[in-house]
Undergrad: 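Got a structure for you, questions after.
Hydrogens, waters and symmetry mates play no part in the numbers below; they use all other heavy atoms, side chains included. What you see is a predicted model; the values in this text were computed from it and never measured. In what follows, chains are A, B, ... by sequence order, proteins preceding strands, each numbered from 1.
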Amino acid sequence: MNTAENAYQMYIDLIDSTIISYNGPFDAQVLSVIAENIEYSLSNNPRVSKKLFKIFIELAQNISYYSAERQKNDEGNLYGVGILMLREFKDHYSFSTGNLIEKKHILPVIQKCETINILDRQKLRQYKRKLRNMPSGVPGGGNIGLVQVALTADYPLEYSVVPVDDENSFYILNVRVNKN
Amino acid sequence: MENIHIEGKHGVNFIPTVDFNVETGVCELAGESYLEDTIEFYTPLYDWLKQYTTEVKKPLIFNFRLRYFNTSSSKCIIDILNILKRYEAAGGDVKVNWYYDADEEDIEDELEEIEDFMIETNIKINLVPN
């Protein structure tokens, strides 16, 4: 296959599998439209729909609060900017998010993902209870959204960080939920 | 001391329905909880509970009827349970009920969350199927 055909196939695959894709500020208005879309698109599978909804809220709020790229919405409030995609595959759905993060935040974020992935379900619940008792704003603590995402998903978190410039990197997170 | 009534809303944010009654001592939190500023919403509820448990000091029944809550709201639920636990430890008459829909698709996850609330706050929560 030549390059042009390759690109076309990629385009077709992406269009076929994508249920939702969004790029921009994650303000409350946007969150509610996407949340509604998830419920509507997956109304034939309420179990998965609820799981994806729960995961979406936490991922979106993480971008909204922690993205290094911020943009004003119509009301003049600042919100984090990022991308989000919900795609359907043969036996699972996959949520992918991406946002800029400051270099100094990379290590704590990666460490958190690593910690979450090595813990079994009981240990993960313990970790969530511990974090929940720490005051918000404490480095490495407070935010339990990602732990809840891992408890709701059916697979370990998939994550990577790509360098962008001297100050920022791009943080990508992928979360999968089985259809059955 | 006045009753609190807040009508729940499923709009841009999900605001839970709140009914705190000073005459009957019955407090209810129902619906869905996912707010832009969770602390701002829950703080008046903490204040009410603190006043009730230190000044009114009558029996208190807290009924949770939540279908969905995000992790920020779960922190506020912990704060509510801690206030109730303190009241119980000080000799107050407290009963906490958690109503759940046994047909709900993710019922196992929900029961796990309630178990976590109990472990974290050390208060007994009665599970009541709808």
Side-chain angles (χ1 to χ4, degrees), chain A residues 26-36 39 42-43 45-62 64-65 73 75 77 79 121-122 124-137 141-154 177 180, chain B residues 8-16 31-43 46 66-86 100-123 125 130:
Chain A
F26 278 70
D27 67 6
Q29 201 76 38
V30 167
L31 259 66
S32 83
V33 171
I34 299 177
E36 231 173 75
E39 285 184 313
L42 293 143
S43 50
N45 194 340
R47 189 189 69 88
V48 171
S49 166
K50 187 149 187 196
K51 268 180 183 258
L52 289 175
F53 175 83
K54 280 164 88 170
I55 290 171
F56 166 71
I57 293 289
E58 303 301 334
L59 291 181
Q61 286 192 324
N62 273 354
S64 173
Y65 295 145
N73 72 346
E75 283 127 44
N77 299 319
Y79 289 91
R121 191 167 187 86
Q122 292 312 317
L124 204 51
R125 286 172 63 190
Q126 240 174 49
Y127 184 50
K128 174 176 150 184
R129 294 196 297 266
K130 191 185 124 197
L131 288 180
R132 190 150 56 189
N133 276 303
M134 289 165 75
S136 318
N143 171 35
I144 55 171
L146 207 53
V147 182
Q148 188 59 52
V149 165
L151 281 167
T152 312
D154 296 313
V177 172
N180 294 304
Chain B
K9 224 166 56 187
H10 180 109
V12 169
N13 290 303
F14 302 165
I15 300 171
E32 297 161 300
S33 180
Y34 145 57
L35 307 119
E36 185 138 66
D37 195 335
T38 319
I39 309 270
E40 187 186 291
F41 181 85
Y42 278 92
T43 300
Y46 305 152
L66 291 169
R67 281 197 312 280
Y68 169 74
F69 52 88
N70 66 346
T71 52
S72 316
S73 301
S74 82
K75 281 188 173 193
C76 298
I77 294 169
I78 291 284
D79 290 340
I80 288 177
L81 293 172
N82 280 330
I83 295 171
L84 300 180
K85 181 67 196 174
R86 277 203 296 277
Y100 68 99
D101 186 353
D103 295 333
E104 191 66 36
E105 298 283 345
D106 65 340
I107 188 62
E108 280 167 30
D109 287 1
E110 192 181 332
L111 294 178
E112 234 178 50
E113 296 223 42
I114 301 157
E115 194 185 16
D116 284 339
F117 287 146
M118 286 196 260
I119 296 170
E120 232 170 295
T121 61
N122 220 359
I123 198 165
I125 301 175
N130 271 333

Undergrad: Considering heavy atoms only, which positions within residues 112-120 of chain B lie below 4.5 Å of chain A?
TA: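 Listed by number, the contacting residues are B/Glu112, B/Glu113, B/Glu115, B/Asp116, B/Phe117, B/Ile119, B/Glu120.
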
Undergrad: Heavy-atom distance under 4.5 Å between the side chains of B/Asp37 and B/Phe41, does that happen here?
TA: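 With C-beta onward as the side chain, the pair stays apart.
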
Undergrad: Less than 4.5 Å to any heavy atom of chain B: does that hold for the side chain of A/Gln29, its backbone, both, or neither?
TA: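 Contact with chain B: backbone and side chain both.
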
Undergrad: Are more than 12 heavy atoms from other residues, nucleotides or ligands located less than 6.0 Å from atom CG of B/Asn130?
TA: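 Yes, enclosed.
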
Undergrad: Does any N or O in the side chain of A/Glu58 come within less than 3.5 Å of the main-chain N or O of B/Thr71, such that one atom is a donor and the other an acceptor?
TA: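 Yes; judged by distance alone, with no hydrogens or angles, the pair exists.
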
Undergrad: With sequence neighbours excluded, tell me which residues meet salt bridge (charged side-chain N to carboxylate O under 4.0 Å, His left out) with B/Lys85.
TA: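 Partners of B/Lys85 by the salt bridge (charged side-chain N to carboxylate O under 4.0 Å, His left out) criterion, ordered by chain and then number, come out as B/Glu88.
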
Undergrad: With a 4.5 Å cut-off on side-chain heavy atoms, are A/Val30 and A/Asn73 touching?
TA: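 In short, these two side chains do not touch, never coming nearer than 4.5 Å.
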
Undergrad: Between A/Lys130 and chain B, with a heavy-atom cut-off of 4.5 Å, which part of the residue counts as in contact: side chain, backbone, both or neither?
TA: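 Neither part.
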
Undergrad: Go through the side-chain N and O atoms of B/Tyr42 and B/Asp79 and say whether any donor and acceptor fall under 3.5 Å apart.
TA: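 Side-chain D/A pair, B/Tyr42 to B/Asp79: absent.
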
Undergrad: Return yes if some donor-acceptor pair links the side-chain N/O of B/Lys9 with the main-chain N/O of B/Ile15 below 3.5 Å, else return no.
TA: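 No, the answer is negative, given that no donor and acceptor are paired below the 3.5 Å cut-off.
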
Undergrad: Quick check on A/Gln61 against chain B: is it the side chain, the backbone, both or neither that has a heavy atom closer than 4.5 Å?
TA: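 Just the side chain, heavy atoms under 4.5 Å.
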
Undergrad: Using a strict cut-off of less than 4.0 Å between a Lys/Arg side-chain nitrogen and an Asp/Glu carboxylate oxygen, indicate whether A/Arg121 and B/Asp109 qualify as a salt bridge.
TA: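 A salt bridge links A/Arg121 with B/Asp109.
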
Undergrad: Which atoms of B/Leu35 come close to chain A, meaning under 4.5 Å heavy atom to heavy atom: side chain ones, backbone ones, both, or neither?
TA: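 Backbone only.
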
Undergrad: Tell me which of these, A/Arg125, A/Arg47, A/Lys51, A/Gln148, has more heavy-atom pairs under 4.5 Å with chain B than the rest.
TA: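 Most heavy-atom pairs within the cutoff with chain B belong to A/Arg125.
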
